[in-house]
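I have placed the structure first, in the form of structure tokens, so that the comments after it can refer back to it.
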Amino acid sequence: MNSEKIDLKSLTQPQLEHFLADLGKEKYRAKQILRWIYQRGATDFDQMTDLAKQFRAQLQERAFISSLEPEAAEQSSDGTRKYLFRLDDGETVEAVRIPMEEQRATLCISTQVGCAMGCAFCMTGTFGLVRNLSPAEIVNQVCAALVDGPINNVVLMGMGEPLHNLDNVVAALEILYLDDGLGYGTRRVTLSTCGLVPEIRELSKRIKVQLAVSLNATSDETRAGLMPINRRYPLSELIAACRDYARDSKQRVTFEYILIGGVNDTPADAKRLVKLLHGVRCKVNLIAYNEHEGSPFKAPEESAIKNFQEYLLQRDIVATLRASKGRDISAACGQLKGKLEKPKR
Ligand code: SF4
């Protein structure tokens, strides 16, 4: 029904201004409409009572406002809330709201259905890529979760590799940043990648966003075993791209490091990690692998976690240990998805 119409949720501000100019409308109308859509949650042009009736009818004819409603939502005892969204073509993606201290919340959203990257610790990867999400499908996960209360930070760390869907992700970020829309500042949005080096470099030219890199190993051999992308872009190239990203964006890069028992949690790993990150403005997020039924890896020993973190801290590397929140969201890119239900296909 909507195939001929334009989804206003998929437009950046210049695109919306352009669309309105075609209707003979002034630029400032874009701001008015953005406020209705994102700040007041309008999904119908009739709700936009300060627009002339004729203008609303014009919009009705040429455009629509998409939305997502969770088909299911699950809440853990610590307040973590997982949303399942069914898309127009029947595919599903998930988003997770993670409560933080002082009434704050972070939302983790998806950027693709499935993923082509095949990381060993991630179930999403084993199904391959089904398709990219559109900018509106990415933004609508945030709009839907906002119904349950404010979201302070957004992380692109759900299903999919954001940089493998670069154009749509950049458009979605532009929409999330709109002053008259949701108004997320660039410091409140984090994009997590498994390490697509040319796209990391391209990203820094196109838009500002906090960068997180799923690192998880300190040698090419171990990393390639966990993350096939390392065969294409080895650690030396990845770290060089991160060093440049931090320099050009004037932001620290976050390295996510899932500690896996006996695989990447030894003192030798900690030592190699310090060497690897030398001169990179960064911080390290350590996450203890969460062993679950049928998982291919083991959780690290408590002592290994402690020693690893201390080794980094003593060498002036900011290293935080991410606390487990909710059964489904205890880790970085991958482990979250590793716990997603097996899609029915
Ligand atoms: S961990 Fe992230 S990049 Fe790797 S396969 Fe899973 S979704 Fe893709």
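As the structure is a prediction and not an experimental result, all values here were calculated from the model.
Looking only at side-chain heavy atoms (C-beta outward), Ile109 and Val154 come within less than 4.5 Å of each other. Residues Val130 and Glu91 meet the side-chain proximity criterion, which asks for heavy atoms closer than 4.5 Å. With contacts defined as side-chain heavy-atom distances shorter than 4.5 Å, the pair Leu215/Leu273 qualifies. Residues Asp46 and Arg56 meet the side-chain proximity criterion, which asks for heavy atoms closer than 4.5 Å.
Ser134 and Asn168 share no donor-acceptor pair across their side chains, judged by distance under 3.5 Å alone. For the residue pair Gln112/Asn132, the side-chain donor-acceptor check at 3.5 Å is satisfied. Between the side chains of Ser66 and Asp7, at least one donor N or O lies within less than 3.5 Å of an accepting N or O. Judged by distance alone, the side chains of Asp220 and Asn230 do bring a donor and an acceptor atom under 3.5 Å apart. Judged by distance alone, the side chains of Asn285 and Thr320 do bring a donor and an acceptor atom under 3.5 Å apart.
Annotation: Arg86, atom CZ; neighbour count of heavy atoms from other residues, nucleotides and ligands within 6.0 Å is above 12. Summarising the local packing, CG of Asp88 is surrounded by 12 or fewer heavy atoms from other residues, nucleotides or ligands at distances under 6.0 Å. Around the NZ atom of Lys208, the shell of radius 6.0 Å holds more than 12 heavy atoms that belong to other residues, nucleotides or ligands. Atom CD of Gln314 has more than 12 heavy atoms from other residues, nucleotides or ligands within 6.0 Å. With a 6.0 Å radius and a threshold of 12 heavy atoms from other residues, nucleotides or ligands, Glu302 has its CD atom at or below the threshold. When the shell of 6.0 Å around CD of Glu310 is examined, it contains more than 12 heavy atoms from other residues, nucleotides or ligands. Sparse packing is recorded around CD of Glu301, with 12 or fewer heavy atoms of other residues, nucleotides or ligands lying under 6.0 Å away.
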>> For a side chain to side chain contact (heavy atoms under 4.5 Å, CB included) check, start with the C-alpha distance between Ile229 and Arg223, then their side-chain angles and the critical distance, and finish with the verdict.
In response: CA-CA 9 Å; Ile229 192 67; Arg223 191 163 190 271; 4.3 Å; yes
>> Let's go through Glu161 and Thr193 carefully: what are the C-alpha distance in whole Å and the side-chain angles of both, what is the deciding distance for side chain to side chain donor-acceptor pair (under 3.5 Å) to 0.1 Å, and is it a yes or a no?
In response: CA-CA 6 Å; Glu161 163 54 59; Thr193 177; 2.9 Å; yes
>> Go through it in stages, so that I can follow the logic: the residues are Val169 and Leu163, the test is side chain to side chain contact (heavy atoms under 4.5 Å, CB included), and I'd like the CA-CA distance, side-chain angles, deciding distance and then a yes or no.
In response: CA-CA 8 Å; Val169 164; Leu163 296 184; 5.8 Å; no
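Listed here is the closest heavy atom pair of Asp180 and Gln39: O-NE2, 3.1 Å. Gln210 and Arg252 get closest at one heavy-atom pair: OE1-O, 4.2 Å. Between Pro300 and Ala288 the shortest heavy-atom distance is CG-CB, 3.9 Å.
Using modelled atom types, one side-chain atom of Asn216 and one backbone atom of Ile258 make a donor-acceptor pair closer than 3.5 Å.
If you chain together hydrophobic residues whose side chains sit under 4.5 Å apart, Leu146 and Leu173 fall into the same group. Linking ILVMFWY side-chain heavy atoms closer than 4.5 Å, directly or via other members, places Ile207 and Ile200 in a single hydrophobic cluster. Residues Leu129 and Ile138 fall into different hydrophobic clusters, defined by Ile, Leu, Val, Met, Phe, Trp and Tyr side chains chained together at heavy-atom separations under 4.5 Å. In the hydrophobic clustering of this structure, Leu259 does not group with Val318; members are Ile, Leu, Val, Met, Phe, Trp, Tyr whose side-chain heavy atoms approach within less than 4.5 Å, directly or through other members. Leu51 and Phe19 fall within the same hydrophobic cluster, where Ile, Leu, Val, Met, Phe, Trp and Tyr residues are linked whenever their side-chain heavy atoms come under 4.5 Å apart, directly or through other members.
A salt bridge does not link Lys298 to Glu291: none of the charged nitrogens lies less than 4.0 Å from a carboxylate oxygen. Using a 4.0 Å cut-off between charged nitrogen and carboxylate oxygen, Asp50 and Arg29 do not count as a salt-bridge pair.
For the ring-ring contact (aromatic ring centres under 6.0 Å, His included) test, no residue two or more places apart in sequence or in another chain qualifies with Phe255.
In this structure, Tyr257 has its ring center closer than 6.0 angstrom to the ring center of Phe308.
Seen from the ring of Tyr311, Arg315 counts as a face-on cation partner, given the 6.0 Å and 45° thresholds.
The aromatic rings of Tyr289 and Phe297 stand perpendicular to each other, their planes meeting at an angle above 60°, with 30° marking the opposite boundary.
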